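All remarks here apply to the structure that follows.
No hydrogens, no waters, no symmetry mates; every other heavy atom, side chains included, goes into these values. None of the values given here were measured: they were computed from a predicted structure.
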Amino acid sequence: MKNEVAGSIFAVMSVISFICSYFFELITSNAEQYLGLIAVVFIDGFFGIIIGIKREGFQTRKAIKVLQRAITWILFLTVLLMVEKGFAGTDWLSETIITPFIVLQLISALKNASMAGFIKAEELNKILDRIDKHKGKRK
């Protein structure tokens with residue numbers, strides 16, 4: 001009976017070790033993508049929290065939304081990288097899905113930085129005009 005319990009524990013520990021080592025390898029081999037994603041979410045959240053403090057005071061529930069957004073997008077990136085690793089020909093998947101989100105978060109961070117007073121409105125307009133050259137300059 002003791003050997004059966006020890007064998008079951010060994011089997012469970014082996015599965016847990018496999019899963020942990022798989023995710024460790026996945027994260028370390030794609031560390032730049034994870035760090036870039038986290039940095040973009042947190043810089044946008046940082047400036048958003050500063051604006052919130054200036055306008056209505058610090059609100060924990062709004063600050064927690066930054067963590068929720070980061071965790072959500074980390075999970076999305078993890079699933080996409082697992083699919084890329086498991087299926088040949090899907091190497092483009094994470095870049096196609098995550099890149100638009102990163103661009104929108106960066107634009108949001110620029111807007112929040114401007115609203116918080118870190119970037120002048122004129123500078124922000126110049127940056128945005130360079131992004132959308134086909135629309136012409138602002139007046």
For side chain to side chain contact (heavy atoms under 4.5 Å, CB included), just list the numbers for Gln33 and Ile98, CA-CA rounded to whole Å, side-chain angles, deciding distance to a tenth of an Å, and then say yes or no.
CA-CA 9 Å; Gln33 289 185 17; Ile98 299 294; over 6 Å; no

Decide yes or no on side chain to side chain contact (heavy atoms under 4.5 Å, CB included) for Leu110 and Phe47, but give the supporting numbers first.
CA-CA 9 Å; Leu110 286 170; Phe47 290 125; over 6 Å; no

Do Thr99 side-chain atoms and Thr96 backbone N/O form a donor-acceptor pair below 3.5 Å?
no

Do Lys54 side-chain atoms and Ala116 backbone N/O form a donor-acceptor pair below 3.5 Å?
yes

Assess whether atom CD1 of Ile27 is packed by more than 12 heavy atoms of other residues, nucleotides or ligands within 6.0 Å.
yes

Please indicate whether Phe76 has more than 12 foreign heavy atoms, meaning atoms of other residues, nucleotides or ligands, lying under 6.0 Å from its CZ.
no

Close side-chain approach of Trp73 to Val40, heavy-atom, < 4.5 Å:
no

Heavy-atom side-chain proximity of Met82 to Phe23 below 4.5 angstrom
yes

Regarding Lys126 and Glu123, does a basic nitrogen lie under 4.0 Å from an acidic carboxylate oxygen?
yes

Hey, what do you get for OG (Ser114) to CG (Leu124), rounding to the nearest 0.5 Å?
4.5 Å

Angle class for the Phe118/Phe46 ring planes (parallel below 30°, perpendicular above 60°, tilted otherwise)?
tilted

Can you name the closest pair of heavy atoms from Met115 and Ile51 and give their distance?
CB-CD1, 3.6 Å

